[in-house]
Amino acid sequence: MRLLAALVLPVLFVSCGDEEPPQIPTRKDAPYATAPSRPADSTKRPDHPVSLKNITRDAGITFIHDNGTTGKKWLPETMGSGVAWFDADGDGDDDLLLLGASRLDRPATSTTHCYRNDGNGRFVDVTSSCGINLPVFALGVAVADVDGDQDTDVFVTGLGGYRYFENLGGFKFRDQTDASGLHGKPLEDAKGPDTPSFPTSAAFADIDLDGLPDLFVCHYVRWSAATDVWATIDGKTKSYAIPDQYQGESCRLWRNLGKGRFEDITIRAGIRNDESKALGVCVIDINADGAPDFFVANDKWANFLYLNDGSGNFRDVALEWNVAYGPDGRARAGMGIDVGCLDEQLLPTIAIGNFSNEPLSLFELALPKGESDRNAGVMINRADVTGVAALTQAPLTFGVVFADLDLDGLEDLILANGHIEPTIGDVHSGLTFAQPAQWLRNLGGRRFADNSRNTGADLLVPLVGRGLAVSDLDRDGDLDVLMTSNGGAPTLLRCDTPPNRSLAVRLRGTRSGTDALGATVRLVNFDGSNQIRTVHSGSSYLSASTYELIFGLGKGDPAKEIIVRWPAKPAHSVTYTGPFKPGRLVIDEQTGILR
């Protein structure tokens with residue numbers, strides 16, 4: 001996040017905007033596609049009705065985010081916070097965890113709330129009994145079955161360190177941070193920094209394919225009350241400072257040793273980079289070799305693309321793959337991030353939310369003509385040709401999620417927007433602190449349109465958007481949306497998509513781990529069209545969406561086949577023959593389909 005250069009008085013701090021942009025190498029001299037492969041067909045694609053209704057209060061959610069505001073405008077106050085959808089009690093419904101904080105100038109108190117889904121679209125506050133007590137300034141969350149006991153455990157980042165909670169069953173958790181080894185001690189060499197100060201987003205992924213979810217943690221900058229920087233946008237009052245004015249902090253990689261224990265392998269795995277200013281991470285198998293890679297969105301620093309060699313060792317190939325910088329060769333202020341597909345070619349696409357006047361980044365893998373080896377490809381920013389750049393130029397975007405909101409078989413984009421500076425409107429009449437969220441509908445033909453106004457009025461209510469996560473909370477077949485608001489109430493939007501239908505698939509792994517992280521599901525329709533989804537942790541901003549995979553079936557025509565690629569060594573694929581009508585499926589790695 002950075003304040004607009006035009007708004008900041010140059011006498012207050014030095015901008016890096018006059019530096020020469022880095023030279024971006026070309027990976028291979030090949031005829032990569034730089035335009036849509038087929039014309040937009042938006043005039044032929046039916047515009048199905050979608051209703052997004054705010055049911056926050058009706059659903060029993062009374063949470064208000066405490067951002068710890070002191071009046072001193074300390075940097076962390078404007079950052080939080082995240083949300084997690086996950087089945088905490090094992091009843092098949094996704095429950096809810098909302099992260100809070102507390103004042104930074106007082107002893108920390110817990111303002112995080114846990115809500116149990118009663119199965120009827122309502123939530124019961126079980127904060128007092130669940131055991132997730134966070135006397136920290138909480139920011140981000142990731143969930144997974146860490147210890148292989150079939151229950152989903154919880155990892156939380158907060159100012160000053162981590163918290164790990166073991167799920168004991170029945171929505172009961174126990175703080176096992178110390179026992180887990182996630183203690184935040186120095187890195188492995190004498191030059192490493194001391195206790196990490198500013199962890200943000202996190203993601204679980206099985207980096208060595210041993211069936212145990214390992215943990216990647218983003219880190220932002222080295223901040224403390226004593227080192228807080230004074231900055232201003234009006235020359236009179238203090239504003240929130242930009243990350244350029246702080247030393248970065250390396251992301252961390254933690255290997256799962258089994259039985260809820262972790263070890264820090266940041267340096268030997270090739271992740272160490274003390275210039276990192278990371279806010280978002282997504283897990284992606286960019287070269288389709290079966291090993292999970294990490295794409296990291298940095299704030300005013302080059303993005304990272306950590307390529308896994310298959311054994312859990314990484315190297316940053318962001319420059320080679322053309323994703324380190326924006327089209328102008330400069331680092332953007334990256335926040336939230338997610339991975340999806342633009343169309344039926346099923347090539348991975350990365351969306352990154354950026355600052356105001358920095359439109360959404362939309363990097364799609366492009367292959368030379370006739371080439372199938374992804375290592376021969378390069379990522380190309382499709383934001384302009386898809387229409388996304390023009391639609392996202394003004395907002396400041398944090399939460400980013402690919403989701404087929406209207407169930408037409410194509411993944412749309414949902415964006416949570418909100419500025420970092422409450423007084424931004426005083427110096428820039430075109431910007432506001434609270435901003436409406438957006439639904440960018442995928443029209444096909446690699447074209448998007450802003451359909452936010454076609455969902456009812458509730459999506460358009462401005463909020464200081466931060467976290468964003470999706471889940472089918474009422475099990476009606478479509479994805480509902482929750483957005484957090486910095487210093488305010490969250491917004492829970494129930495989605496209704498008549499007449500469209502879907503097929504929901506939940507994987508149950510054995511050798512691939514309980515959550516089957518990294519598994520891909522391909523849905524083949526009778527007309528030959530395809531959809532693909534991957535079970536992945538992380539993505540968006542500080543948040544965790546459901547692990548259930550939703551495939552839009554339009555008006556409900558059955559699907560022909562389901563092909564599941566399980567990631568455990570050796571990777572293996574299983575094809576299930578339909579027809580598969582709209583509804584829900586559970587697929588077990590060992591026993592097959594469980595209806």
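Fair warning: this is a prediction, and the values are worked out from it, not measured in the lab.
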Check: D316 side chain, A318 main-chain N or O, donor-acceptor pair, under 3.5 Å
yes
Worked verdict on D458 versus T491 for side chain to side chain donor-acceptor pair (under 3.5 Å):
CA-CA 9 Å; D458 292 345; T491 300; over 6 Å; no
Which heavy atom of G467 sits nearest a heavy atom of S543, and at what distance?
CA-OG, 3.4 Å
Would you say the side chains of R466 and T78 form a donor-acceptor pair under 3.5 Å?
yes
Over all heavy atoms of both residues, which pair between S250 and I271 is shortest? Give the atoms and the distance, please.
OG-O, 4.0 Å
Step by step, would you call R255 with D208 a salt bridge (Lys or Arg N to Asp or Glu O under 4.0 Å)?
CA-CA 9 Å; R255 181 171 179 265; D208 46 11; 3.0 Å; yes
Looking only at non-hydrogen atoms, find the nearest pair between N298 and S276 and report the distance.
OD1-OG, 3.6 Å
Pair T397, N417 - check side chain to side chain donor-acceptor pair (under 3.5 Å), show working.
CA-CA 4 Å; T397 301; N417 303 319; 2.7 Å; yes
What is the distance from atom CD of Q435 to atom CG of L396, rounded to the nearest 0.5 Å?
6.0 Å
Please find out if less than 6.0 Å separates the ring center of F304 from that of F294.
no
Any donor-acceptor pair under 3.5 Å linking the side chain of T232 with the backbone of S239?
no
Aromatic rings F123 and W85: how do their planes relate, parallel, tilted or perpendicular, breaks at 30° and 60°?
tilted
Heavy atoms, side chains only, cut-off 4.5 Å: are L479 and V401 in contact?
no
Rounded distance (nearest 0.5 Å) linking atom CZ of F295 with atom CH2 of W321:
11.0 Å
I would like to know whether D426 and K236 meet salt bridge (Lys or Arg N to Asp or Glu O under 4.0 Å); could you show each step before the answer?
CA-CA 12 Å; D426 295 341; K236 301 175 183 178; over 6 Å; no
Residue pair L360, L413: steps toward the side-chain contact (heavy atoms from CB on, under 4.5 Å) verdict:
CA-CA 11 Å; L360 197 82; L413 280 165; 3.8 Å; yes
Counting N and O atoms only, with roles assigned by atom type, does the side chain of S545 sit under 3.5 Å from a partner on the main chain of V470, one being a donor and the other an acceptor?
yes
Distance in Å, R261 CZ paired with W254 CH2, rounded so as to fall on 0.5 Å steps
10.0 Å
Criterion side-chain contact (heavy atoms from CB on, under 4.5 Å) on L96 and V83, from CA distance to verdict
CA-CA 7 Å; L96 189 59; V83 55; 3.5 Å; yes
Does any non-hydrogen side-chain atom of D228 lie less than 4.5 Å from one of W223?
yes
When rounded to the nearest 0.5 angstrom, what is the spacing between CG in L460 and CH2 in W439?
12.0 Å
Has the side chain of N54 got a donor or acceptor atom that lies under 3.5 Å from a matching backbone atom of T56?
yes
Measure from the side-chain N and O atoms of S201 to the backbone N and O of Y541, and report whether any donor-acceptor pair falls under 3.5 Å.
no
Flag yes if more than 12 heavy atoms outside W301 fall under 6.0 Å of its CH2 atom; otherwise flag no.
no
Start with the C-alpha distance between F204 and N256, add both sets of side-chain angles, then the distance that settles side-chain contact (heavy atoms from CB on, under 4.5 Å), and finish with yes or no.
CA-CA 10 Å; F204 286 100; N256 191 334; over 6 Å; no
Where the side chain of D285 meets the backbone of G518, is there a donor-acceptor pair that is under 3.5 Å apart?
no
L75 vs Y220 side-chain heavy atoms within contact, under 4.5 Å
yes
If you measure only the distance, is there a donor-acceptor pair under 3.5 Å linking the side chains of S197 and E249?
yes
Does Q245 reach the main-chain N or O of I242 with its side chain, forming a donor-acceptor pair under 3.5 Å?
yes
Please confirm whether the backbone N or O of N308 pairs with a side-chain atom of D293, one donor and one acceptor, at under 3.5 Å?
yes
Pick from D95, D94, D480: which one makes a side-chain hydrogen bond (donor to acceptor under 3.5 Å, both in side chains) with S471?
D94
Separation between CG of N357 and OG1 of T392, rounded to the nearest 0.5 Å
10.5 Å
Backbone N or O of A88 within a donor-acceptor pair of the R116 side chain at under 3.5 Å?
no
H419: which of F355, F398, F433 passes ring-ring contact (aromatic ring centres under 6.0 Å, His included):
F355
Any donor-acceptor N or O pair under 3.5 Å, side chains T349, R382
no
Any chance you could measure F262, atom CZ, to L257, atom CG, to the nearest 0.5 Å?
8.5 Å
What is the ring orientation for F63 with H65, classed by angle as parallel under 30°, tilted 30 to 60°, or perpendicular over 60°?
tilted
Is the side chain of T157 donor-acceptor paired with the backbone N or O of Y162 at a distance under 3.5 Å, no angle test?
no
Could you give me the CA-CA distance, side-chain angles and deciding distance for V339 and F402, then say whether side-chain contact (heavy atoms from CB on, under 4.5 Å) is met?
CA-CA 7 Å; V339 56; F402 275 103; 5.6 Å; no
